[in-house]
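Throughout, numbering of the chain's residues begins at 1 and tracks the sequence. Remember, it's 1-based here, ligands and their atoms both numbered in the order they're listed. Treat the numbers as computed from the prediction; the structure is a model and nothing was measured.
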Amino acid sequence: MGEDLWKSVPDSLRRDGPPLLPELSEPEVIRHFVRLSQENYSPDLGIYPLGSCTMKYNPKASELAVQTHKLEKLHPEQDESTVQGILAVLYHLDGILTEITGMSRMSLQPAAGAHGEYLGCLIIRSYHKSKGELETRTEMIVPDSAHGTNPASAAMAGFKVVVVPSNSDGMVDLDALRKAVGSHTAGLMITNPNTLGIFEKGVLEIAKIVHDSGGLLYYDGANFNPLLGKVRPGDMGFDIVHLNLHKTFATPHGGGGPGAGPVGVTKKLERYLPVPLIGFDGKKYFYDFNVPDTVGKIRAFHGNVGILVRAYAYILSLGSEGLKSVAETAVLNTNYVLAKILASGKFDLPFSKRRKHEFVLSAKRINDKTGVRALDIAKRMLDWGVHAPTVYFPQIVDEAMMVETAETESLRDLDELVEAFLKAAEEAEKDPQLLKEAPHYTSVTRIDDVKASHPKTLTLHWKNPAAK
Ligand SMILES: Cc1ncc(COP(=O)(O)O)c(C=O)c1O
């Protein structure tokens, strides 16, 4: 701040001298930010096989659909009559998603998968409350392979979480499930394919067991990419479904957002959805508040509309045949990589061999022999410009390395990923220390993971080093 400007600030509002802000020229600022952007990694740069995250390339056409002045200038408090276009988009997206999932109606409000799960749990509560059974139906069942958000959402909604184990094929142990259900069961939350990438073959039996006990079935649709256009959760017997639009329907995501986790329900549960829904009376689109037992609002206005529009554009650009080929190619890519890695004999694949969109390897044998851990292998891959897989999840696999290769990867990228796994395994035997200290060539080398995720030690503001 210039001296003159500083003097124009009244005495009572001044601190001890002009603030020590950095004085930089335009080129310096531009170079700083461009350099920072080059230190980053994204699906626009290369393969991003982060298991459980569906890091597919996001087509730029979807961005064009959303980056228009028409959309940017809309305000959610505008009168309905002035926002007919966007209401039509949301209404049609609701229709498409209900068709894809086999549900009856969707709420587009939830801002993430976990948010959708929480809404689903609130709907399950309201359903049992309306039957006078909430006092007794206090338990939510989740498999031991579940994504961590499932038990967390159930607990936040006030349920006691009951975990059912997987069987030797990596699927829900049906006998254990039969023992777990009863008049105390509120519902079951499950993702299919599960987090091991295995399709739960017993899903119809699972649905029957839970429904017979009076519970509801919640489908965590975050893993829906490999089933697009192939099977529908509604046909598998589910009552409530959420989709991760930012994953399956391609929106840049990561670092906590933004996202969209629309929730679909069967006819009998429509009465509990959040308000407003989007309606159409044959002439105009309108905010529909006519939801008798609504759980209320769970997010401001209509959710992350930008993500909803991207998903709409993505779906329309692919069409139904295109969506099916997304699923087929994603499964093919993953199984190609899996087969090549297994052929090397370096890694193990616990549980059954058939996988959908992802697989979870165990690096335990390497660890036992060389002391090199899954984490070290993942870090070493960064040196070769390949994004690492997810590690140590799900917890039912020792030294887990969870790989998901979306449909957007080329054969060359898939081969590069395989090569990175095999090269790391070879190096682990020859020079374990090299891996334990990796990465060596990234802009930031080995970080202290615990410190990095500890909010109290984060410094998120600029501090002038010259200031006291
Ligand atoms: C199986 C599964 N369920 C739920 C979620 C949670 O979704 P979100 O991160 O959008 O909250 C994820 C996230 O990747 C997931 O993989």
Side-chain angles (χ1 to χ4, degrees), residues 43 48-56 58 97 101 107-122 140 142-157 161 163 166 170-172 187-200 203 217-228 233 238 240-264 298-299 303-304 306-308 310-311 330 334 355-360 387 389-397 400 402-406 453:
Y48 210 123
L50 202 60
S52 196
C53 293
T54 317
M55 301 300 283
K56 56 171 84 175
N58 307 286
L97 297 179
T101 54
S107 163
L108 303 176
Q109 279 183 30
H115 199 192
E117 293 165 26
Y118 180 63
L119 169 59
C121 291
L122 293 184
M140 186 68 77
V142 294
D144 61 358
S145 62
H147 194 262
T149 49
N150 292 183
S153 304
M156 271 185 76
V161 175
V163 178
S166 305
M171 288 177 255
V172 170
L188 170 129
M189 300 175 83
I190 191 172
T191 183
N192 196 15
N194 64 26
T195 55
L196 294 166
I198 299 173
F199 187 85
E200 294 277 355
V203 67
L217 264 114
Y218 183 91
Y219 181 84
D220 170 348
N223 287 342
F224 199 53
N225 207 47
L227 301 190
L228 263 183
F238 287 89
I240 311 175
V241 172
H242 89 254
L243 292 173
N244 275 26
L245 295 193
H246 44 291
K247 289 168 60 174
T248 309
F249 300 104
T251 286
H253 63 282
V263 166
I298 55 141
R299 195 176 190 281
N304 274 333
I307 312 294
L308 302 174
R310 282 182 181 87
T334 290
R355 300 300 154 112
K356 290 280 180 229
H357 64 307
E358 65 192 3
F359 58 85
V360 186
H387 196 281
T390 298
V391 286
Y392 302 111
F393 175 73
Q395 289 170 351
I396 52 177
V397 172
M402 184 188 209
V403 180
E404 177 177 8
T405 53
S453 59

Q: Please determine whether side chain to side chain contact (heavy atoms under 4.5 Å, CB included) holds for the pair L228 and T248, giving the CA-CA distance in whole Å, both sets of side-chain angles, and the decisive distance to 0.1 Å.
A: CA-CA 8 Å; L228 263 183; T248 309; 3.8 Å; yes
Q: Going by the rule side chain to side chain donor-acceptor pair (under 3.5 Å), which residues pair with T334 if we only count those two or more places apart in sequence or in a different chain?
A: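 For T334, the residues satisfying side chain to side chain donor-acceptor pair (under 3.5 Å) (neighbours in sequence not counted) are T405.
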Q: For a 4.5 angstrom cut-off between non-hydrogen side-chain atoms, does C121 reach M189?
A: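 Yes; the side chains approach each other to less than 4.5 Å.
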Q: At less than 3.5 Å, what protein N or O atoms come close to the N or O atoms of ligand 1? Include the distances to 0.1 Å.
A:
from, atom 1, to, atom 2, distance (Å)
ligand 1, 3 (N), D220, OD1, 3.2
ligand 1, 3 (N), D220, OD2, 2.5
ligand 1, 7 (O), N244, ND2, 3.1
ligand 1, 10 (O), G113, N, 2.8
ligand 1, 10 (O), N244, ND2, 3.3
ligand 1, 10 (O), H246, NE2, 2.8
ligand 1, 11 (O), G113, N, 3.3
ligand 1, 11 (O), A114, N, 2.8
ligand 1, 14 (O), S52, O, 2.9
ligand 1, 14 (O), K247, NZ, 3.2
ligand 1, 16 (O), S52, O, 3.0
ligand 1, 16 (O), S52, OG, 2.7
ligand 1, 16 (O), K247, NZ, 3.0

Q: Aromatic rings Y218 and H242: how do their planes relate, parallel, tilted or perpendicular, breaks at 30° and 60°?
A: tilted
Q: For the residue pair N223 and K356, confirm or rule out a side-chain donor-acceptor distance under 3.5 Å.
A: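 No, no side-chain donor-acceptor pair sits under 3.5 Å.
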Q: Under a plain distance cut-off of 3.5 Å, with no hydrogens placed, do T251 and H253 share a side-chain donor-acceptor pair?
A: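 The criterion, which ignores hydrogens and geometry beyond distance, is not satisfied for T251 and H253.
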